[in-house]
Amino acid sequence: MKTMNGNEWLPGDTGTEIQNFWKEFKVNPTAMAGLQSLMDLQPAIKNGSHYWRPSSENGTTFTNSNSNISGVEKIFAWSKILNGQEILCAINLDQHKQAIVYVTIDKDLYAPDEKLYLLFGPQQIPAELNVEDRNGKSVRLTLPARSLIIYGKAPILR
């Protein structure tokens, strides 16, 4: 598993687009409170090692450079791993289009038929995802336009 620090593979002006996304996100008090609460419950988000995650529209061809995937060039996914626990995060920077993509996760941390659970994100997306044997291991994410989603191994009890 290779760690990538900074913006090593972010194409073009993507770093600026991501910064703008976070600026918009930060002015939403409900979203910020929810994210802060999750960060308090999941220390991997703040303190885990960072790994950019390859994605794929078709579940077969995975790439780190999302600009090469037609229609989903605004999707960025990463994991934060701490003490063997992976938190999968993804954002869709597109203003108008929902995206459905497969995203690679750490193959050594999941058993066959395991699931990931929604920890943060819009309620209209799946609450649980099946871990699949694609590109090692992966999950199929639904990302509404201009959204942040976070999944983990255990559901948060509300």
Checklist entry - Are Asn20 and Glu24 close enough, and set up right, to give a side-chain hydrogen bond (donor to acceptor under 3.5 Å, both in side chains), and what steps lead you there? => result CA-CA 6 Å; Asn20 290 338; Glu24 293 168 18; over 6 Å; no

Item to check | Non-hydrogen atoms of Asn47 and Leu82 that approach each other most closely | outcome: O-CD1, 4.0 Å

Item to check | Worked verdict on Gln85 versus Gln42 for side-chain contact (heavy atoms from CB on, under 4.5 Å) | outcome: CA-CA 9 Å; Gln85 180 182 359; Gln42 300 287 340; 2.6 Å; yes

Checklist outcome for this item: Rounding to 0.5 Å, atoms CD1 (Ile45) and CD (Gln36) come to a distance of 10.0 Å

Checklist entry - Hey, are the side chains of Lys80 and Ser49 touching, using non-hydrogen atoms and a 4.5 Å cut-off? => result no

Checklist entry - Which heavy atom in Lys46 sits nearest to a heavy atom in Asp40, and how many Å separate them? => result NZ-OD1, 4.2 Å

Checklist entry - Run the side-chain hydrogen bond (donor to acceptor under 3.5 Å, both in side chains) check on Arg53 and Thr104 step by step: do they pass? => result CA-CA 6 Å; Arg53 292 301 185 197; Thr104 301; over 6 Å; no

Next on the checklist: Measuring only between side-chain heavy atoms, which start at C-beta, is Cys89 closer than 4.5 Å to Ile149?
Outcome noted: no

Next on the checklist: Quick check for you: to the nearest 0.5 Å, what is the distance between Arg134 atom CZ and Asn58 atom CG?
Outcome noted: 8.5 Å

Next on the checklist: On a heavy-atom basis, which atom in Ala127 and which in Tyr151 lie closest, and how many Å separate them?
Outcome noted: O-CE2, 4.3 Å

Checklist entry - Of the non-hydrogen atoms in Val103 and Ser55, which two are nearest, and what is the gap between them? => result CG2-CB, 4.1 Å

Item to check | Over all atoms of both residues, closest heavy-atom pair of Leu148 and Pro122 | outcome: O-CD, 4.1 Å

Item to check | Side chain Ser79, main chain Ile81, donor-acceptor under 3.5 Å | outcome: no

Next on the checklist: If you define the side chain from C-beta out and look only at heavy atoms, does anything of Ser56 sit under 4.5 Å from Thr63?
Outcome noted: no

Checklist entry - Mind checking whether Phe25 and Trp22 have parallel, tilted or perpendicular rings, split at 30° and 60°? => result perpendicular

Checklist entry - For the hydrophobic clusters of this structure (ILVMFWY residues joined by side-chain heavy atoms under 4.5 Å, transitively), does one cluster hold both Trp78 and Phe120? => result yes

Next on the checklist: Run the side-chain hydrogen bond (donor to acceptor under 3.5 Å, both in side chains) test against Asn83 and tell me which residues pass, sequence neighbours left out.
Outcome noted: none

Checklist entry - Going by atom types only, do Ser138 and Glu132 share a side-chain donor-acceptor pair under 3.5 Å? => result no

Checklist entry - Could you state the interatomic distance from CD (Gln98) to OG1 (Thr142), rounded to the nearest 0.5 Å? => result 5.5 Å

Next on the checklist: Against Ile150, only a single residue in Leu35, Ile91, Leu88 fulfils side-chain contact (heavy atoms from CB on, under 4.5 Å); can you say which?
Outcome noted: Leu35

Next on the checklist: Show, in sequence, the C-alpha distance, side-chain angles and deciding distance for Ile87 and Leu119, and conclude whether the side-chain contact (heavy atoms from CB on, under 4.5 Å) test is met.
Outcome noted: CA-CA 9 Å; Ile87 302 295; Leu119 303 178; 3.9 Å; yes

Next on the checklist: Between Lys115 and Asn130, do the side chains contain a donor N or O and an acceptor N or O under 3.5 Å apart?
Outcome noted: yes

Next on the checklist: Applying side-chain contact (heavy atoms from CB on, under 4.5 Å) to Lys137 and Asp133, what does each step give before you reach the verdict?
Outcome noted: CA-CA 5 Å; Lys137 297 277 190 213; Asp133 290 326; 2.7 Å; yes

Item to check | Closest non-hydrogen atom pair, Phe76 against Trp52 | outcome: CB-CZ3, 4.3 Å

Next on the checklist: What I'd like to find out is whether the side chain of Val131 reaches to under 4.5 Å of the side chain of Ile105, using heavy atoms alone.
Outcome noted: yes

Checklist entry - Does some side-chain heavy atom of Arg146 sit less than 4.5 Å from a side-chain heavy atom of Asn92? => result no

Item to check | Aromatic Tyr110 / basic Lys153 pairing, under 6.0 angstrom, 45° off normal | outcome: yes

